[in-house]
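Report on the structure given below.
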Amino acid sequence: MKIDLTETTSSKINAALVQARRDIGTPAIGMVLTLVIVTDEENAYDALKSANDASHEHPSRIVVVVKRVSRSPRSRRDARLDAELRVGADAGSGETVVLRLHGELVNHAQSVVLPLLLPDAPVVVWWPEGAPADLAGDPLGALGQRRITDTYSSEKPIAALGERAAAYAPGDTDLSWTRITPWRSMLAAALDQQNLSVASATVEGEDENPSCELLAMWLADRLGVPVHRALSGGPGLTAVRLETKDGTIVLDRADGALATLCMPGQPDRAVALKRRDTAELLAEELRRLDPDNTYEASLKFGVARLEASAPAAAAPAKAQAVAEAEPEATAEATAEAKAPAKPAAKPAAKKTPAK
């Protein structure tokens with residue numbers, strides 16, 4: 001069932017939800033949380049579809065906040081609230097309220113959302129993209145026990161990681177971190193099997209991919225070893241190599257679906273490591289509502305500390321690049337270095353003055 005309300009209020013929306021549940025014969029509320037999605041008109045459809053799919057595992061009231069852009073001074077002054085209500089089969093396993101805020105109401109979205117939250121139920125706020133720098137300090141973010149963002153959708157993902165670290169508050173999380181959960185589980189299990197001491201690590205993946213950076217920071221923070229970033233054509237994260245005294249542990253996923261785990265002294269194994277969609281990532285994050293201390297420690301380790309070890313690893317590559325750019329000069333320098341040293345000229349004999 002779908003209900004459209006124009007120029008409405010939060011109290012009218014609540015009354016319409018109660019009446020809609022009675023009309024379809026389910027007056028009781030069986031939802032476990034309120035999911036607030038802050039997005040724009042362009043991304044509202046995809047975000048709502050992912051939330052509806054995740055609601056099959058976590059029945060919830062989904063409140064979508066769409067802030068409409070006002071193009072004229074008059075429309076910016078006029079405050080108007082339009083709503084679209086979905087219950088029953090049109091709303092997954094819960095209820096959906098799509099709010100479209102116009103004019104001055106855009107700056108007071110929290111006052112509209114607050115009366116629509118389920119009583120005595122956790123609140124999760126999700127920004128599919130365009131998240132504020134300070135999630136907990138945002139008026140809508142302050143309503144949630146859990147705040148979800150996705151730095152992968154940022155224009156500058158690596159810079160966005162720095163913003164997340166600077167303004168981190170308990171309850172913040174990132175879908176870029178959720179994407180590497182299977183990788184972290186697989187690598188931890190591999191080290192538990194053989195109890196090897198890791199000397200260094202390499203994380204290979206796409207450029208400007210925050211998941212690769214987060215995995216590298218997690219390894220550096222937990223293992224206390226230098227971790228280098230190597231670039232590949234993707235998709236996403238492609239390989240991790242852990243150097244040990246007994247050999248190299250390699251987890252390689254070239255096609256984005258199936259990975260190969262290579263361990264010293266053991267046959268290679270194929271493991272399922274497919275790339276997951278947004279609905280699966282969101283469902284995983286909704287399973288826990290407590291602060292993620294591991295994410296906090298990895299995030300605050302900082303990308304800059306990873307880059308600090310890059311010059312030592314990049315020195316051979318830089319020397320090779322110089323050699324390719326100046327082959328003639330390099331050849332002359334090499335020939336000069338290999339040539340035998342010329343004997344030094346003997347000093348002239350000192351003349352003895354006649355007596």
In the hydrophobic clustering that connects Ile, Leu, Val, Met, Phe, Trp and Tyr at side-chain heavy-atom distances below 4.5 Å, which members other than [X] occupy its cluster, ordered by chain and number?
X	value
L231	none
Y152	none
Y45	none

Looking only at atom types and distance, does a side-chain atom of [X] sit under 3.5 Å from a main-chain N or O of [Y], one as donor and one as acceptor?
X	Y	value
H58	A283	yes
T181	T178	yes
R146	D290	yes

Inset, instruction - Sequence neighbours left out, what passes side chain to side chain donor-acceptor pair (under 3.5 Å) with R184? Give chain and number order. - result: none
All pairs passing salt bridge (charged side-chain N to carboxylate O under 4.0 Å, His left out) where [range] contributes a residue, at least two apart:
range	answer
residues 166-177	R147-D172
residues 105-117	none
residues 36-46	E41-R68, E41-R100
residues 222-241	E204-R241, E213-R229

As an exercise, state the distance from [atom1] of [X] to [atom2] of [Y], rounded to the nearest 0.5 Å.
X	Y	atom1	atom2	answer
H102	D82	NE2	CG	4.0 Å
L48	L35	CG	CG	9.5 Å
I148	L281	CD1	CG	10.0 Å

Inset, instruction - For the pair E280 and R179, find out whether any cationic side-chain nitrogen is under 4.0 Å from an anionic carboxylate oxygen. - result: no
Inset, instruction - Could you tell me whether R253 and D255 make a salt bridge, using a distance below 4.0 angstrom between a side-chain N and a carboxylate O? - result: no
Inset, instruction - Please identify each residue that fulfils salt bridge (charged side-chain N to carboxylate O under 4.0 Å, His left out) with E208, with sequence neighbours left out. - result: none
Inset, instruction - Using the side chain to side chain contact (heavy atoms under 4.5 Å, CB included) rule, take D221 and W218 through it: C-alpha gap first, then chi angles, then the decisive distance, then the call. - result: CA-CA 5 Å; D221 177 62; W218 174 72; 5.8 Å; no
Legend entry - Stepwise side chain to side chain contact (heavy atoms under 4.5 Å, CB included) check, L143 with V36: CA-CA 9 Å; L143 300 176; V36 180; 5.9 Å; no
State yes or no: do [X] and [Y] share one hydrophobic cluster built from I, L, V, M, F, W and Y residues joined by side-chain heavy-atom distances below 4.5 Å, directly or via other members?
X	Y	answer
V250	M263	no
L242	M186	yes
L237	L273	yes

Ignoring hydrogens and angles, state whether a donor on the side chain of [X] or [Y] is under 3.5 Å from an acceptor on the partner side chain.
X	Y	answer
S60	S55	no
D150	S176	yes
S200	E243	no

Legend entry - The single option from T8, L5, T6 passing side-chain contact (heavy atoms from CB on, under 4.5 Å) against L81: T8
Legend entry - Candidates T34, I37, V98 - the one meeting side-chain contact (heavy atoms from CB on, under 4.5 Å) with I62: I37
Donor-acceptor pairs under 3.5 Å, side chain of residues 108-128 to any protein atom, not counting sequence neighbours: which ones?
{"from": "S111", "atom 1": "OG", "to": "H108", "atom 2": "O", "distance (Å)": "2.6"}

Legend entry - side chain to side chain donor-acceptor pair (under 3.5 Å) pairs, two or more places apart, involving residues 155-165: none
Inset, instruction - Considering non-hydrogen atoms only, spot the tightest contact between G94 and M31 and give its length. - result: CA-SD, 3.9 Å
Legend entry - Exercise: identify the closest heavy-atom pair between D53 and A279: CB-CB, 3.6 Å
Legend entry - Partners passing ring-ring contact (aromatic ring centres under 6.0 Å, His included) against Y168 (at least two apart in sequence or in another chain): none
